[in-house]
Each structure stands twice: as C-alpha cells, then as structure tokens.
Amino acid sequence: MPYNHQEIEKKWQDRWEASGIFHAHDGGEKQKFYCLIEFPYPSGAGLHIGHPRSYTALDVVARKRRHQGYNVLYPIGWDAFGLPTENYAIKHKRKPQEVTLENVATFRRQLQSLGFSFDWSREVNTTDPSYYKWTQWMFLQFFKAGLAYKSKQPINWCLSCKIGLANEEVVNGKCERCGGETEKRDKEQWMIAITKYAERLLEDLDGVDYLEKIKTQQRNWIGKSEGAEIDFVLNVPGQESGKQKVTVFTTRADTIFGATFLVISPEVAKQWIDVGWVAPASVREYVQEALSRAEMERAAEGKEKTGVDTQIVAIHPANGKAIPVWVADYVLGSYGTGAIMAVPQHDERDRAFAEQFRLPIADEPLAAVDEVVEKVGGKKTVKYKLRDWVFSRQRYWGEPIPLVWCEKHQWVAVPDEQLPVVLPEVEKYEPTDTGESPLAAMTDWVNTTCPTCGGPARRETDTMPNWAGSSWYFLRYIDAHNDQAFASRDKLKYWMPVDLYNGGNEHTTLHLLYSRFWNKFLFDQGHVPTSEPYARRHSHGLVLASDGIKMSKSKGNGVDPDEIITQYGADALRMYILFMGPFEEPVPWSLNGLIGVRRFLDKVERYVQAWVPSDHDGLSGAGLLERSLKKISDDIESFKFNTAVSAFMSLFNAIAVSHITREQLKKILVVLGPFAPHLANECWEKIGEGGLVEEQAWPEFDARLLVQDEIEIAVQVNGKARATIQISPNADEAAAKQLALAQEKVQKHLEGREIVQIIYVPGRILNIVIK
RNA sequence: GCCGCGGUGGCGGAAUUGGUAGACGCGCAGGACUCAAAAUCCUGUAUGGGCAACCAUGUGAGGGUUCGAUUCCCUCCCGCGGCACCA
C-alpha cells in the first residue's frame with residue numbers, strides 16, 4: 001500500500017508552522033547561513049514545474065545547515081511588478097494590484113505545499129508601497145550621486161509593448177518579452193551609470209565563488225579592451241587645413257603602419273554635420289539613412305559592407321601620408337570613439353571594406369605598441385562593451401520614479417519624508433503611442449509643487465524597470481518590516497553577504513550583474529557592509545518537456561505542479577526533481593521517472609513499518625551505511641543531488657534484507673529529512689521518536705567505519721580486467737601479487753607468456769604486463 | 001566568426017588524482033502472487049558470437065601519450081548556451 005501523502009504532508013507542514021522552526025534569528029551564538037533563491041515572478045499561470053528545481057536544491061542545503069547547527073536564513077518573496085500582470089489586467093479590465101494579490105496567493109499556497117523551509121515571516125513583495133519606498137529611496141541615492149541622469153538617445157522601442165527596452169531586453173532585434181519588432185527611437189530616458197563600475201564589476205569577480213561559466217559570461221559582457229586613442233589631423237575641403245582632427249580607438253596600435261584609411265560611424269558624421277561640416281550630399285544621404293535604423297538592424301543585414309567617401313583626408317601621424325576618411329555603419333557610434341583607423345592587412349572587416357571599395361591595402365611593419373603610442377602622441381586607454389542601464393519604462397505597473405520637474409530647478413528629488421510616491425490608481429492602463437506612461441494622463445497626480453521652491457512642477461511619469469526591485473530584495477529580507485530604513489545596519493552586518501545564491505543562467509548578465517552593481521553602489525555610500533552581495537553563486541538547468549524541448553504554454557507540453565503533488569506527493573516531486581539529472585544541466589521531465597522515485601519512497605515507508613529494532617548491525621559490508629550517508633552528505637555540498645538520491649536507493653537496496661539498529665535508522669531518517677521531509681518525520685514518529693527530525697543534529701560519521709579493511713580490486717592482464725581479488729587497500733605488492741597469480745582466470749591468460757612487469761596501485765588495481 | 005559547455009545502453013544518467021565503463025532510476029522481457037488485472041516481489045537486460053563457462057568489440061570520428069584513457073594531448077564532426085561588424 002502506498003502511504004497517504006496528502007494526509008502526512010499536511011500534518012507535518014502544520015507542525016512546522018506551529019513550531020516556527022524555520023524562522024531565522026537576527027543574531028545569537030550560532031553561525032549564520034544566508035541561503036537565497038531568485039524570488040519568483042508570480043505569474044497568472046501559477047508555479048512552473050521548473051521553480052521547485054532551484055528551491056528544492058537550496059532547501060536541502062538550508063535544512064542540512066540547520067541540522068549542522070547554523071542559524072539559517074532561507075527567505076521568499078515576490079518580484080511582482082512587470083508586464084505580464086499589466087497586460088493581463090488590461091485585457092480583463094482589472095487592477096494589476098488585485099491580480100497580483102491573487103497570483104501571490106496561488107504561488108504561496110503552491111510553495112507551501114512543497115514543504116520548503118522558507119522563513120515566511122520575512123515575505124516581501126516588490127509592489128508593496130512599504131517595499132518600493134526603499135527602491136525609490138535608493139534610486140534617489142543614485143540620482144544624488146550623479147549616477148542617474150536623463151539622456152535623449154536612441155533607445156530600443158518595442159512596437160507592440162509600446163515601451164523602451166534596455167539592450168539586454170532586445171534579442172536578435174526582437175522584444176525579449178513579446179517577440180515583437182523593435183525600432184530605434186529617440187527618447188528621453190533615465191539612465192544609470194553602471195559603466196562607472198565596469199572595472200570593479202570585472203575585478204571583483206576574482207574574489208567570489210561563482211561557477212566559472214558565470215564569471216566568464218559576465219567578463220565577456222563587460223567586454224574590457226585595453227588600447228589607445230590616437231589623433232589624426234584632418235584636411236576638410238572648404239576649411240582651413242590642419243585645424244580639425246579625429247580621435248580613433250585601437251587595441252592594435254602596433255599595426256598603425258598598415259592603416260590605409262579611416263572610418264567614422266554615421267553617428268560621428270552626424271555630429272560633424274551638426275557643428276558645421278558641409279558634407280557632400282552622398283554623405284548626408286548615407287548618414288540619414290543609417291541613423292534611421294537600429295544598430296541591431298544594421299548588423300543583422302549581414303556582412304555586406306556599405307559606406308561613402310567623405311572627401312576628407314587625414315594625415316597619418318606615423319608616416320605623414322594622406323589617407324582617405326570614409327563613413328560606414330560597420331563602425332559603431334556607441335563604442336570606443338566611434339572612429340577607427342582601418343588596417344585591412346590585419347583586420348578582416350577592414351579588409352572586406354577595402355576590397356569592396358578598392359581602397360589600398362598596405363603591408364605593415366609591426367612596431368611596439370608603447371613606442372607607437374608615444375611617437376604619435378596617443379593616449380593609452382581602456383574601453384568596455386558594457387553600456388549604461390536604461391532605467392525608465394513608459395508603463396503603469398512599476399515603481400514611480402520619485403522626481404519632479406521644475407522649470408527653475410530642473411529635476412528635483414522628492415524629499416525622503418514624502419516617500420513612497422505611491423502609484424496612483426488610473427482609469428486606463430493601456431500604454432500610449434506617444435511614448436508616455438499611462439500616468440501622464442493623471443493630471444491631478446502629475447501636477448505638483450517643487451520641493452525646492454514651492455512653484456508649479458510636474459512629476460516624472462515614467463516608471464522603473466522590474467529589475468529595480470530585484471536589485472536589492474536580498475537586503476530587505478534581512479529586516480523585512482523595518483519602516484525606518486531598508487534594513488538596520490546591525491542586521492545587515494550580521495547577515496551579509498549571502499552565503500549561497502542559486503538562480504537561472506538567463507539572469508547572468510541582467511539581474512545578477514545589476515544587483516552586484518546596485519550593492520556596490522550602496523556599499524560606496526556606506527549603506528551596506530560588503531562590496532559583493534553574493535559569496536557563492538550556482539545555477540540550475542531548465543526542466544524541459546518530456547520531448548526534450550522547452551515547456552511552453554503554446555505547445556501545451558507543461559506539467560502542473562499541483563497535479564503532481566496531489567497525485568504523487570511533494571516528497572516524490574522534490575526527490576525526483578533532484579534525481580532527474582545533473583543540477584546544472586537541462587533535463588527532460590519524465591512522469592515515469594517521478595513514479596519510480598515515489599516507488600522508492602513507498603519502499604522506505606514499508607521498510608520502516610516492518611522494521612524491528614536490532615541490537616546489532618546485520619549489514620553484510622561493515623560501514624556501508626556510514627559510507628552511504630557520508631557520500632550523500634558530501635554530494636549535497638557539491639550540488640550533486642542526483643547521485644545523492646541514487647545513493648539513498650542503493651542504500652535501501654542493501655538494507656532491505658538486513659537488520660539495522662535504532663541509531664542507524666535514526667541517522668538515515670535525519671539525512672533523508674532534507675530530501676523528503678514529510679516522510680522522514682512520519683517515519684521518525686512511527687518508530688517512537690519524539691520531536692521533529694529538523695531538531696536533530698546531522699550525524700557524525702565514524703572515521704573508522706568509513707575505511708574498508710577489505711575491498712575488491714581488479715586484476716588486469718595487459719590492461720584487460722580478468723579477475724578480481726579481495727584485499728586490504730593497504731596490502732603490499734607481494735601479497736596482492738600472490739593473490740592475483742593464484743586466480744585461475746589470471747593463470748589462464750598467463751599461460752606460456754612471460755611476465756614483463758607488474759603495476760600495482762594499492763586499493764585500485766593490479767596489472768600484469770606480459771609478452 | 002568568437003567565448004563557454006557537452007556527445008556514454010532503448011531512455012535520464014553514474015564512473016575519485018587516468019585504474020573492473022554502464023551505479024541508480026525508467027523502459028522492456030520472463031517468472032511468482034491473483035479467477036483476472038493493478039500493485040508488489042524475484043530474475044534478466046551495452047553489442048556480436050555461444051546452452052553455458054567464456055571470447056571479442058564498445059564512451060561522436062581519427063590519431064597520440066601510457067602498463068592502463070569516458071578521463072590527458074592533437075586534428076576533425078555534431079549538439080546546446082552566450083556574444084555577435086565592440087576595432
């Protein structure tokens with residue numbers, strides 16, 4: 001008979017809640033352990049089957065740490081601002097606030113049904129005014145420090161969402177959210193100067209324990225290049241010669257003798273035209289056309305190069321030759337100086353361009369970088385690919401940006417005591433084609449007075465991106481109900497940094513980078529105690545549909561967690577999702593696999609039901625149980641949850657026919673606790689033990705039992721396994737050799753041959769080399 | 001194109017510093033129990049040959065190092081993720 005999971009899971013969840021055992025304490029004798037999962041976006045679709053993968057894994061770690069005597073903080077909350085909720089609200093003519101509360105209630109119920117050991121008393125919600133008050137306050141710190149600035153510049157505009165997107169939110173020229181077309185538009189946007197932190201975001205990666213691939217991806221994204229800026233004097237037709245110059249950026253100053261022409265970006269050409277350059281009509285046309293299209297679009301049109309001769313001539317600073325200056329859109333306005341020296345001999349792109357427009361290609365005697373830079377009066381410099389963060393959205397469901405525009409004083413911060421600037425309820429949530437947020441229509445709200453002079457002023461109507469609230473939520477968990485500060489200094493000092501953070505790979509260059517930056521800024525301002533927020537970062541792979549492709553609503557290949565939990569139980573889901581494959585890899589869902597794990601749990605339950613206390617260890621191999629539990633314990637540390645589960649299965653296969661003592665069974669149940677906490681407690685109670693499994697100490701493993709006095713090693717003849725021998729791992733070669741040569745199977749292969757050599761690795765192998 | 005990761009039975013996947021390849025689970029086959037089915041239990045299950053003992057082959061392909069290679073090196077093929085005209 002399968003055990004009644006519905007009954008026992010509810011029972012233990014109620015007991016845990018009543019006991020308050022998962023509440024973290026802000027201080028005390030115990031060592032702290034802050035364990036964090038990326039808080040979910042409470043979508044209307046309910047929990048995705050992939051969520052439990054991350055949450056279960058860290059739940060296992062959190063529970064183990066409690067057993068080990070740590071004061072564990074494992075919190076949960078809701079990243080609830082964002083487009084899907086807003087779109088849903090628009091479609092169903094409902095308030096996003098209400099929809100959010102409903103979705104949160106569903107998520108909360110679902111997460112609780114999985115038995116996670118979250119500290120629910122610290123639950124946060126980014127859309128709660130008491131939360132976003134501090135998001136706004138932090139934005140103002142950026143503003144006051146000069147790191148938040150408004151800038152009119154081409155932004156990525158999604159035609160369907162009617163919203164400006166950050167570069168990170170545009171994938172292959174399409175909107176990351178809806179897949180719709182994007183175009184470039186000039187829009188006044190709030191920007192945050194993350195590029196000022198580029199170097200530190202890069203350098204400090206050396207001091208944190210992240211999976212190497214995460215570090216690599218962040219390094220590539222930041223994209224540091226060391227090079228030099230070199231000036232070229234220009235002769236512009238119709239202007240006094242030698243008056244103008246252009247600065248190019250190059251990482252290969254050593255190739256300067258191969259530079260046969262210069263190329264400027266359309267953006268730079270536009271600036272020159274704006275300050276009075278009378279450019280040929282062909283140039284004007286080209287520039288106008290190029291700038292009307294997004295950079296993405298320009299790049300997407302393939303490697304076919306386009307460009308126009310500007311008729312300007314530059315003087316090569318090293319050899320004095322006159323070389324032409326072209327404008328071409330393969331040079332980016334947003335990187336370096338927007339101008340390059342073209343070295344076709346060396347650079348593939350320059351070569352393609354030179355060949356297409358029949359520009360000269362010169363051999364290049366290479367010179368030392370330092371000499372060149374000095375000789376031509378250049379300047380060594382460093383450039384990054386990282387761009388500043390586009391921080392405003394023209395949508396309703398986000399944190400209002402707490403600034404006011406006054407004609408006299410320009411942008412003025414809303415005073416702290418007036419925070420939060422509460423998101424007003426509006427008639428219509430629909431975004432507008434004018435590019436303004438729906439808040440702009442709320443004239444009563446928009447029109448206000450200037451905090452500085454009391455004169456008439458207007459509120460900023462853009463809202464923040466949903467990366468804002470998630471950039472600091474780990475700080476709020478530390479002191480979730482504080483209304484004097486986002487968190488108290490003492491508590492921050494106690495809990496930070498986060499000891500272990502797990503999340504999705506898709507956030508590596510978004511949330512993970514933003515929140516590192518945000519924390520560093522707060523650190524510089526003296527508000528948080530550590531420069532890096534996360535000491536250790538892991539990531540999990542996707543749970544794919546059973547056909548190996550991504551689960552999606554449109555394909556209808558998803559799995560409903562509620563259904564699985566109702567039918568097979570939370571413990572089965574928890575343990576299966578850990579067992580299904582390596583934690584970091586994407587793995588297809590398999591219902592049969594889950595059923596197999598459930599079978600195992602039933603076996604455990606039956607074993608405990610039938611268990612009769614034994615005063616001796618009846619296991620065939622001494623120390624088998626200790627070694628299994630030690631392996632599981634170690635596997636948790638290295639995130640090898642799949643082999644930890646298989647070790648449980650092997651262990652039960654071994655003890656099924658044996659007697660074990662009460663102490664042994666208790667150890668098993670404690671180690672099982674983090675994986676299948678409901679069943680472990682039920683069994684604990686069944687064998688007459690009091691209290692909760694969670695209150696027990698993690699077992700100590702007897703070092704003597706971990707070492708086997710006799711093991712099986714293979715005997716090879718010429719590298720092929722022919723037999724095995726039972727021998728002490730410390731046995732000397734003579735003993736091993738004697739045993740091996742006595743083996744009939746070995747003798748058979750040695751017959752008539754000469755032994756040339758014997759390789760013996762104690763505890764591993766004995767190889768007889770013959771000829 | 002560049003960066004990163006990977007390729008192992010019918011399937012998901014195991015395999016210490018190079019040391020018996022295929023743990024564990026799924027699936028499948030046979031058997032027990034049952035009037036029967038489900039559930040459960042037992043046995044088998046890389047491939048080829050053999051009743052079997054056993055023999056040979058085998059971790060994407062080819063080469064190399066080594067007593068010994070899934071593991072290390074070289075060349076190549078394929079898949080996944082990221083970046084993508086970043087000078």
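First the proteins, then the strands, lettered A, B, ... as listed; each starts at 1. Below, each value reflects all heavy atoms present in this structure, side chains not excepted, and no hydrogens, waters or symmetry copies.
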Face-on cation placement of A/K224 at A/Y384 ring, 6.0 Å and 45° thresholds
no
Tell me whether the OP1 or OP2 atom of B/rA14 has a side-chain N or O from A/N642 closer than 4.0 Å.
yes
Compare side-chain N and O positions of A/H346 against OP1 and OP2 of B/rA87 and report whether any pair is under 4.0 Å apart.
no
Taking the same atom, [atom1], in [N] and in [M], what whole-Å distance lies between them?
| N | M | atom1 | answer |
| --- | --- | --- | --- |
| B/rA87 | B/rG81 | C1' | 26 Å |
| B/rG68 | B/rC77 | P | 29 Å |
| B/rC83 | B/rC11 | C1' | 34 Å |
| B/rU75 | B/rA21 | P | 29 Å |
| B/rC72 | B/rG25 | C1' | 32 Å |
| B/rG9 | B/rA23 | P | 13 Å |
| B/rG79 | B/rA15 | C1' | 23 Å |
| B/rA61 | B/rG7 | C1' | 12 Å |

A/H507 and A/E38: side chain donor to acceptor below 3.5 Å
yes
Between the side chains of A/N502 and A/S54, is a donor N or O closer than 3.5 angstrom to an acceptor N or O?
yes
Could you let me know what [N] is paired to, Watson-Crick or G-U wobble, both distances under 3.5 Å, or none if it's on its own?
| N | value |
| --- | --- |
| B/rU71 | none |
| B/rG6 | B/rC78 |
| B/rA39 | none |
| B/rU47 | B/rA56 |
| B/rA21 | none |

Over how many whole Å does the gap from A/K603 atom NZ to B/rU40 atom P extend?
10 Å
Protein and nucleotides 18-22 of chain B: nitrogen or oxygen contacts under 3.5 angstrom:
| unit_1 | atom_1 | unit_2 | atom_2 | d |
| --- | --- | --- | --- | --- |
| B/rG19 | N2 | A/Q716 | OE1 | 3.3 |
| B/rU20 | N3 | A/E712 | OE1 | 3.4 |
| B/rU20 | O4 | A/E712 | OE1 | 2.1 |

A/R219/A/D206 ion pair, N-O < 4.0 Å:
yes
Are A/R598 and A/E605 within salt-bridge range, i.e. N to O under 4.0 Å?
no
Can you say whether a donor on the side chain of A/K385 sits under 3.5 Å from an acceptor on the base of B/rC83, or the other way round?
no
Is the A/F641 to A/F579 ring centre distance short of 6.0 Å?
no
Would A/Y514 and A/W389 count as a close aromatic pair, with their ring centres under 6.0 Å?
yes
Where does B/rG30 land, syn or anti, given syn is within 90° of 0?
anti
Interatomic distance, A/L291 atom CG to A/D329 atom CG [nearest 0.5 angstrom]:
9.5 Å
